[in-house]
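This report concerns only the one structure given below.
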Amino acid sequence: MEDLAAEVLQGSVRAMARIITLVENQDPRAFEFLGSIYPHTGRAYVLGITGSPGTGKSTLTDKIISVLRRQGHTVGVVAVDPSSPFTGGALLGDRIRMQRAAGDPDVFIRSMATRGNLGGLARTTADVIKIMDGFGKDWVIVETVGVGQDEVEIAKTADTTVVVLAPGLGDTVQSMKAGVMEIADLYVINKADRSGADSLVTEVRVRVEQDSHIKEADWQAPVLKTVAVEDQGTEPLLEAIENHRSFLEKSGRLEKVRREKTRQETLSLLTEEISCNILEKILGDGQFDDLIDDIVAHRKDPYTSVKEIVGTIFPEEQ
Ligand SMILES: Nc1nc2c(ncn2[C@@H]2O[C@H](COP(=O)(O)OP(=O)(O)OP(=O)(O)O)[C@@H](O)[C@H]2O)c(=O)[nH]1
Ligand SMILES: [Mg+2]
């Protein structure tokens, strides 16, 4: 693991790909690895791109990568695909990967299928971001399809989250879930070459206005228009992202939010570790099955039994 960590820090793409697979498979060695690269993380800026299926997120990501590359930044991309690895999004991810990564060693793209992911998607994504960060990527872009709670959780690992909407896909303000509103730092109305884009812009702006009155937020999400396929609006989008970044940095928000994320992550690791260890103790000796027999036969009740078990583990607290 030490060697693999050293290889990743030296920039070996193969080592990084291997380590990401270990993380996805929840291999215990992955934790060892994450521990040893941790001192080298925290430098990348994490950009979340989320929105309904087919709004143009991957196409937009591709254009954003080009701008970042022109500015001399290195980029890592995590494309989280909720469907099977063999349909739409992942294929497109693969296509971008081939286009870019083949010719450009400074772009690393990884698609992750949600199915069969052992460690929980948000957690694995957060770990993969750390690997790319430790690898020295200046920017890490996370593309998610903003449909469920999982995706909202993933978006929360980003420093800036862009919500992409498009006309003609049933994307209306009414259909926007509260969770999505909550995570959007910026809105992009993509496919602005299609009819209905302007009214969608207006709708979203009105909604953002109303929302900011309610929340008295000090950041009001701007609403931008892009035509990703023609690379229109990409540079203004990058400027808006940079604006949000300076807002976060100057207001001290970035530090505060990252601290809160670190707290949550550490707490969930701790919870998992404690419960694993303790459960091993309890479930290891077969007495638990005897207890279940008693509970099933109503000789004992589960409420008192659980308290008793905890009492034997932490006797001083009883
Ligand atoms: N007309 C038009 N089509 C676009 C635009 N941007 C993307 N598309 C097309 O929309 C389709 C979906 O684009 P993707 O980039 O795959 O969208 P996505 O949001 O990543 O899709 P999923 O990952 O499957 O959710 C593709 O056929 C794109 O060529 C645009 O600005 N205008
Ligand atoms: Mg996509």
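Just follow the structure's listing: the first ligand is 1, and inside any ligand the first atom is 1.
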ask   = Can a salt bridge be assigned to the pair E235 and R70 using a cut-off of 4.0 Å between side-chain N and carboxylate O?
value = yes
request  = Ignoring angles and geometry beyond distance, decide whether V227 reaches within less than 3.5 Å of ligand 1 through its nitrogen or oxygen atoms.
outcome  = no
query = For ligand 1, which atoms sit closer than 4.0 Å to a heavy atom of R194?
reply = 1 (N)
request  = Check E143 and report its N/O/S atom nearest to the Mg ion (ligand 2), by atom name.
outcome  = OE2
query = With a 4.5 Å heavy-atom cut-off, do Y187 and L224 have their side chains touching?
reply = no
ask   = What about T226: any of its N or O atoms under 3.5 Å from an N or O on ligand 1?
value = no
key: K191, E230, K225: member with heavy atom nearest to atom 3 (N) of ligand 1   = K191
N or O contact, A228 vs ligand 1, cut-off under 3.5 Å = yes
E265/K130 ion pair, N-O < 4.0 Å = yes
inquiry  = Within the structure provided, determine whether L34 and D127 are in side-chain contact (heavy-atom separation under 4.5 Å).
reply    = yes
query = Which ligand 1 atoms does V145 reach within 4.0 Å, using its non-hydrogen atoms?
reply = 25 (O)
query = At under 4.0 Å between heavy atoms, which part of L60 makes contact with ligand 1: side chain, backbone, both or neither?
reply = neither
request  = Please could you name the atoms of ligand 1 that S58 approaches to less than 4.0 Å, counting only its heavy atoms?
outcome  = 15 (O), 18 (P), 20 (O)
query = Could you state the interatomic distance from CZ (R205) to CD1 (I189), rounded to the nearest 0.5 Å?
reply = 8.5 Å
query = So is E143 close enough to ligand 1, meaning a heavy atom under 4.0 angstrom away?
reply = yes
message = Could you check whether R299 pairs with D293 (Lys NZ or Arg NE/NH1/NH2 to Asp/Glu carboxylate O, under 4.0 Å)?
response = no
inquiry  = Would R245 and Y45 count as a cation-pi pair here, with the cationic atom under 6.0 angstrom from the ring centre and within 45° of the axis?
reply    = yes
For P53, atoms of ligand 1 separated by under 4.0 Å from a heavy atom = 25 (O)
inquiry  = Are the side chains of L60 and V164 in contact, using a 4.5 Å heavy-atom criterion?
reply    = yes
key: Whether S58 has an N, O or S atom under 2.8 Å from the Mg ion (ligand 2)   = yes
key: Hydrophobic cluster membership, F135 vs V46, 4.5 Å side-chain cutoff   = yes
request  = Give yes or no for whether the N/O distance cutoff of 3.5 Å, strictly under, is met between G54 and ligand 1.
outcome  = yes
